[in-house]
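Hydrogens, waters and symmetry mates are skipped; everything else that's a heavy atom, side chains included, is used.
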Amino acid sequence: MTIKYISGAVAVGLAAGLATSATAGGHGIDLAGKTVEWIIPFSETGGSAKWANFYAPLLSEALPGQPTVVVKFMPGAGSTKGANFFQAQEYEDGTTIFGSSGSTQFPYLLGDPRVKYEYGDWNVVLASGTGGVSYLPPELATKLADGGAAALAGEDFIYGSQGATRLDLVPLLAWEMLGLNVEPVFGIKGRGDGRLMFERGEANIDYQTSSSYLKGVTPLVEAGTATAWFSFGALDGDGNIVRDPTFPDMPTFKEVCEATDGCETSGEQWDAWKAFFVAGFPAQKMVFLPAGASADAIVTYTKAFEDIKARPDFKEISEGRLGIYPQMTGDAAQTALESATKVPAEAKAFVVNWLGERYGVTLN
């Protein structure tokens with residue numbers, strides 16, 4: 001499925017002298033009359049779709065020549081299908097970009113044999129932070145007391161999952177640490193499909209990234225058919241997990257863990273969970289140009305995203321769709337990419353062993 005965005009006749013007026021370090025290395029490209037294809041390796045129902053659909057019309061306005069921007073969904077193999085396709089693309093004229101997510105990063109980090117892509121070959125032009133929220137049916141949420149999860153220990157949970165080596169390992173490990181018996185149903189093509197399973201009563205626990213939660217789950221909470229449980233939190237300047245600024249009234253997983261007997265916020269298991277949370281959420285979604293992209297193309301896209309962030313209305317229009325998270329370009333995006341594609345060897349070893357023991361996943 002593809003969705004097209006064509007800019008209006010008048011672009012948003014911005015200061016003409018908005019020159020940044022991103023524009024110092026090239027002169028830009030003109031995309032007038034062209035179509036930019038933005039590949040998203042998931043279905044059109046999840047958080048990546050909502051993120052891309054938010055940015056696409058703004059990008060169409062901000063790019064030189066105001067090209068049509070087409071969001072092309074390419075789900076399959078937990079996002080590795082679309083990522084492998086992008087890896088095979090050669091840079092031509094700046095009309096192909098890719099939207100990565102944590103579920104694309106984790107197979108890369110874990111050495112999944114289906115991964116044929118290399119982040120080091122690509123050129124990042126935007127990195128978007130996000131969060132995640134775990135939620136329950138109201139009849140189960142009412143059993144919770146004292147902030148802990150002990151009352152749910154005897155329940156049998158079903159969860160719609162994209163795969164154990166995807167971003168889903170963060171909630172799966174969190175729920176296990178809380179003592180929950182969660183049986184994942186693997187093979188869905190996007191987190192939106194997991195939400196639909198929850199809505200149909202086929203699953204009784206779920207999580208969504210912030211953009212998908214805000215648009216897809218908030219109406220369920222308001223209708224009384226879902227209850228928010230906890231967020232995964234956010235990082236402060238010292239790397240500590242604190243409450244997510246998008247959901248300040250919601251406890252973090254760390255708070256729930258601290259209130260649950262047997263769940264520890266120190267030690268090997270906690271360190272592994274936190275390492276993959278850090279790799280998967282603070283820079284979860286990124287936009288790339290393919291290998292071989294010219295300096296002019298990188299300058300053009302970086303400047304376009306900087307112009308979008310500089311819009312007077314950006315804070316207003318983004319908070320309800322994306323949440324309150326950093327949107328990074330230039331050196332900040334490169335730093336975010338590096339943190340999202342590296343984890344300590346000890347954390348990787350723990351998770352690889354856990355995946356093998358718990359789900360029979362064999363990784364090299």
Problem - Whether over 12 other heavy atoms sit under 6.0 Å from Lys189 NZ - result: no
Exercise for the section: Assess the side chains of Thr341 and Tyr108: does a donor N or O sit below 3.5 Å from an acceptor N or O? Expected result: no
For a quick test of your reading: what N or O donor-acceptor pairs under 3.5 Å do the side chains of residues 153-179 make, sequence neighbours left out?
residue	atom	partner	partner atom	Å
Glu155	OE2	Lys143	NZ	2.4
Asp156	OD1	Asn181	ND2	2.7
Tyr159	OH	Asp168	OD1	3.1
Tyr159	OH	Asp168	OD2	3.4
Tyr159	OH	Arg191	NH1	3.2
Ser161	OG	Gly163	N	3.0
Ser161	OG	Asp168	OD2	2.7
Thr165	OG1	Asp112	OD2	3.3
Arg166	NE	Gly78	O	3.0
Arg166	NH1	Asp112	OD2	3.2
Arg166	NH2	Ala77	O	2.8
Asp168	OD2	Gln162	N	2.7
Asp168	OD2	Arg191	NH1	3.4
Trp175	NE1	Ser134	OG	3.1
Glu176	OE1	Trp354	NE1	3.2
Glu176	OE1	Arg358	NE	3.3
Glu176	OE2	Trp354	NE1	3.0

Handout entry: Connected via hydrophobic side-chain network under 4.5 Å: Val361 and Leu109
Key = yes
Handout entry: same_hphob_cluster(Val182, Val217) at 4.5 Å side-chain heavy-atom cutoff
Key = no
Exercise for the section: Can you establish whether the number of heavy atoms outside Glu90 located under 6.0 Å from its atom CD is more than 12? Expected result: no
Practice task
Describe, in one word, how the ring planes of Phe98 and Phe288 are oriented to each other, choosing from parallel (under 30°), tilted (30 to 60°) and perpendicular (over 60°).
Solution key: tilted
Handout entry: Any donor-acceptor N or O pair under 3.5 Å, side chains Gln284, Thr130
Key = no
Exercise for the section: Indicate whether the side chain of Ser100 and that of Tyr119 have a donor and an acceptor atom separated by less than 3.5 Å. Expected result: yes
Problem - Shortest non-hydrogen separation from Thr300 to Ile29 and the atoms involved - result: OG1-N, 2.7 Å
Practice task
State whether a side-chain donor-acceptor pair under 3.5 Å links Ser103 with Ser101.
Solution key: no
Handout entry: Residue pairs passing the salt bridge (Lys or Arg N to Asp or Glu O under 4.0 Å) test where at least one lies in residues 225-252, sequence neighbours excluded
Key = Arg243-Glu255
Handout entry: Spatial distance of atom OG (Ser211) from atom CG (Asn53) [nearest 0.5 Å]
Key = 10.0 Å
Problem - Summary of salt bridge (Lys or Arg N to Asp or Glu O under 4.0 Å) pairs that have at least one residue in residues 92-103, sequence neighbours excluded - result: Lys34-Asp93
Practice task
Please state whether the rings of Phe230 and Phe253 are parallel, tilted or perpendicular, taking 30° and 60° as the class boundaries.
Solution key: tilted
Problem - Step-by-step side chain to side chain contact (heavy atoms under 4.5 Å, CB included) determination, Asp271 to Phe350 - result: CA-CA 9 Å; Asp271 290 345; Phe350 178 91; over 6 Å; no
Practice task
Could you tell me whether a side-chain N or O of Thr329 sits under 3.5 Å from a main-chain N or O of Thr302, the two making a donor and an acceptor?
Solution key: no
Exercise for the section: Ignoring hydrogens and angles, state whether a donor on the side chain of Ser128 or Gln327 is under 3.5 Å from an acceptor on the partner side chain. Expected result: yes
Problem - Spatial distance of atom CG (Leu58) from atom OH (Tyr55) [nearest 0.5 Å] - result: 8.0 Å
Fill in the blank from the handout: Closest non-hydrogen atoms of Ile324 and Thr246, given as atom of the first, atom of the second and distance, are N-OG1, 2.7 Å
Problem - Heavy atoms of other groups near Lys342 NZ, more than 12 under 6.0 Å - result: no
Completion exercise
Between the OG1 atom in Thr142 and the CG atom in Leu144, the distance rounded to the nearest 0.5 Å is 8.0 Å
Handout entry: Point-to-point distance, once rounded to the nearest 0.5 Å, from CD of Gln89 to OG1 of Thr95
Key = 10.0 Å
